[in-house]
Trainee: 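Can you read through this structure? Questions will come right after.
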Amino acid sequence: MEITKSSENKIDKLVSCLPQENICGRPFVQYNGTWFPLLAIPGVISSQELFQADESEIIIAGLPKCGTTWLKALIFSIVNRNRYQPTESPLLSIHPQILVPSIEMDHFRDGLPQTIYQLSRPTISSTHVPYAFLPNSIITSNSRVVYVCRNPPDALVSYWHFRNSIMKHNNTSVQVEPIEEFFDQYCRGVQPYGPLWENILGYWNASVEKPESVLFMTYEDLKEDSMFQLKRLASFLGFPFSSEEEAQGLIQEISTLCSIGNLKNLEANQKVVHYSVVPGTSYFRKGEVGDYVNHLTPSMIETLNKLVEEKFAGSGLVFKSKLITTNSASE
Ligand SMILES: *[C@@H]1O[C@H](CO)[C@@H](O)[C@H](O)[C@H]1NC(C)=O
Ligand SMILES: *[C@@H]1O[C@H](CO)[C@@H](O)[C@H](O)[C@H]1NC(C)=O
Ligand SMILES: *[C@@H]1O[C@H](CO)[C@@H](O)[C@H](O)[C@H]1NC(C)=O
């Protein structure tokens with residue numbers, strides 16, 4: 001559905017009937033079971049029918065704060081490595097969020113198809129929507145979808161910090177709600193693009209059914225064994241590393257270029273303010289595994305543990321880094 005004046009009214013009407021909650025100071029609505037930022041709804045709806053995936057389109061999917069920015073940098077570098085040496089990569093001067101646009105927030109900002117010039121060949125786009133909400137053309141074309149999944153408590157803590165940094169940037173004396181409130185919403189499944197178990201399992205199922213089209217990765221594996229995971233990623237995308245490239249240290253070079261420490265310190269990423277409200281550095285905090293132990297109480301961690309166990313039981317998906325409750329067990 002293209003957004004015209006009348007469909008705009010239709011969307012307004014639709015939205016006014018949907019359950020609404022504020023999450024970390026931002027309005028969300030529950031549409032067909034998923035909690036979307038109010039702002040994203042027009043883009044989510046119109047892109048479902050109107051987004052035209054290229055034959056070789058690459059889609060990066062994942063919940064917010066689960067590694068999509070990292071994958072944007074990595075995948076851009078992998079598929080364009082014959083056009084740009086790591087030393088002259090556009091990543092050195094353009095924020096990954098701008099280099100790789102979002103379907104619902106950029107391609108269909110406010111529900112209107114935008115003309116976005118993309119440097120990458122093949123083109124790469126990102127999305128946070130569940131698998132069932134993906135634009136039809138992605139399912140029917142030969143697009144490759146890379147999903148990145150992160151340990152739920154780390155994703156929770158990271159999102160909370162992310163929202164705080166946005167609020168502080170706007171007004172230094174404003175803070176989002178205490179993490180306890182967000183935690184309670186989280187456990188009810190009231191999360192951006194969640195419930196997380198629906199979002200994750202939708203892509204997990206798709207990766208089991210169509211492994212040639214959907215690759216399921218985890219943030220923790222990427223941290224732990226970057227070399228292996230980058231090779232796996234490149235092969236899936238149809239851009240496998242040759243043994244010469246490997247011997248030349250190219251995989252390591254790409255890994256270093258895209259590391260959080262490197263991207264965070266680039267002037268371009270520090271200066272930019274994404275969508276006029278998100279400071280570029282907000283996309284790079286610590287990027288650690290297990291940092292949640294410094295923000296959640298043992299009882300919160302236990303609650304999340306139980307929830308995750310229950311929601312993922314029987315799926316075959318196991319979170320590698322078992323949720324832990326003490327600082328000493330922190331990775
Ligand atoms: C920034 O702050 C102003 C005034 O305090 C407020 O009206 C506006 O909605 C805020 N913007 C964001 C993105 O939080
Ligand atoms: C910033 O937030 C504080 C606390 O909510 C408020 O009193 C103040 O008016 C805000 N500043 C601006 C410029 O909106
Ligand atoms: C994933 O697959 C399982 C087993 O077939 C099914 O029960 C579940 O509903 C699916 N979940 C999603 C979100 O697609």
Side-chain angles (χ1 to χ4, degrees), residues 19 22-36 39-40 44-45 47-48 59-64 66-68 103-104 126-136 138-140 143-152 155-156 160-182 185-219 273 275-279 282 304 306-320:
N22 274 359
I23 303 178
C24 290
R26 193 178 182 213
F28 280 72
V29 291
Q30 189 185 33
Y31 173 56
N32 286 348
T34 299
W35 286 94
F36 292 103
L39 198 72
V44 168
I45 292 178
S47 66
Q48 277 186 305
I59 305 294
I60 298 170
L63 288 161
C66 287
T68 47
I103 295 175
E104 57 273 15
S126 73
T127 186
H128 293 310
V129 305
Y131 188 78
F133 286 81
L134 281 181
N136 302 332
I138 294 175
I139 309 295
T140 54
S143 303
R144 286 172 217 230
V145 179
V146 179
Y147 186 78
V148 62
C149 168
R150 189 178 188 185
N151 216 346
L156 183 162
W160 185 75
H161 279 292
F162 176 68
R163 284 296 307 162
N164 265 308
S165 71
I166 296 171
M167 302 280 264
K168 282 226 174 72
H169 176 77
N170 188 37
N171 179 340
T172 47
S173 50
V174 175
Q175 272 207 334
V176 302
E177 72 229 19
I179 200 162
E180 286 77 11
E181 277 179 45
F182 182 37
Q185 288 180 309
Y186 211 79
C187 292
R188 290 191 283 119
V190 184
Q191 314 140 359
Y193 302 90
L196 70 90
W197 45 91
E198 293 289 336
N199 195 302
I200 295 172
L201 286 175
Y203 286 93
W204 171 256
N205 286 357
S207 76
V208 172
E209 282 158 27
K210 300 193 289 182
E212 67 293 344
S213 307
V214 183
L215 179 71
F216 192 94
M217 307 192 82
T218 74
Y219 191 92
V273 182
Y275 303 130
S276 315
V277 289
V278 189
S282 301
L304 255 189
K306 280 202 187 117
L307 186 72
V308 166
E309 219 162 87
E310 179 196 316
K311 298 296 184 187
F312 291 89
S315 66
L317 173 62
V318 181
F319 286 91
K320 199 166 169 195

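Read the numbers this way: they start at 1 and go in the same order the structure lists the ligands and their atoms. Predicted model, so just to flag it, every value in this text is computed and none were measured.
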Trainee: State, yes or no, whether a side-chain contact exists between Ile138 and Thr127 at a heavy-atom distance under 4.5 Å.
Mentor: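 Result no, sub-4.5 Å side-chain heavy-atom pair not found.
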Trainee: Looking at every heavy atom in both Val277 and Pro279, which two are closest together, and how far apart are they?
Mentor: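 Shortest heavy-atom contact: O-CD, 3.4 Å.
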Trainee: Has the side chain of Trp160 got a donor or acceptor atom that lies under 3.5 Å from a matching backbone atom of Phe182?
Mentor: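 No.
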Trainee: Look up atom 12 (C) of ligand 3 and tell me if a protein heavy atom lies less than 4.0 Å from it?
Mentor: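 Yes, at least one protein heavy atom sits under 4.0 Å from atom 12 (C) of ligand 3.
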Trainee: Determine, counting only non-hydrogen atoms of the protein, whether one lies under 4.0 angstrom from atom 2 (O) of ligand 3.
Mentor: yes
Trainee: So if I count the atoms of ligand 2 from 1 in the order they appear, which ones are less than 4.0 Å from some heavy atom of Ser173?
Mentor: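 In order of number, 1 (C), 2 (O), 3 (C), 4 (C).
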Trainee: Counting from 1, what ligand 2 atoms have a heavy atom of Val174 closer than 4.0 Å?
Mentor: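 That gives atoms 1 (C), 2 (O), 5 (O) of ligand 2.
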Trainee: Near Gly202, which atoms of ligand 3 are under 4.0 Å from a heavy atom of that residue?
Mentor: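 Contacts of ligand 3 toward Gly202, numbered from 1: 13 (C), 14 (O).
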Trainee: Could you pull out, from Asn205, Leu201, Asn199, the option with a heavy atom nearest to atom 6 (C) of ligand 3?
Mentor: Asn205
Trainee: Apply the side chain to side chain contact (heavy atoms under 4.5 Å, CB included) test between His128 and each candidate in Val44, Thr34, Thr68; give the one that qualifies.
Mentor: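 In the set Val44, Thr34, Thr68, the residue that makes a side chain to side chain contact (heavy atoms under 4.5 Å, CB included) with His128 is Thr68.
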Trainee: Protein heavy-atom contact under 4.0 Å for atom 9 (O) of ligand 3?
Mentor: no
Trainee: Do Phe133 and Ser47 have side chains that get closer than 4.5 Å, going by heavy atoms?
Mentor: no
Trainee: Taking 4.0 angstrom as the limit and counting only heavy atoms of Glu198, give me the atoms of ligand 3 inside it, by number and element.
Mentor: 13 (C)
Trainee: For the residue pair Tyr31 and Phe36, categorise the inter-ring angle as parallel (less than 30°), tilted (30 to 60°) or perpendicular (more than 60°).
Mentor: tilted
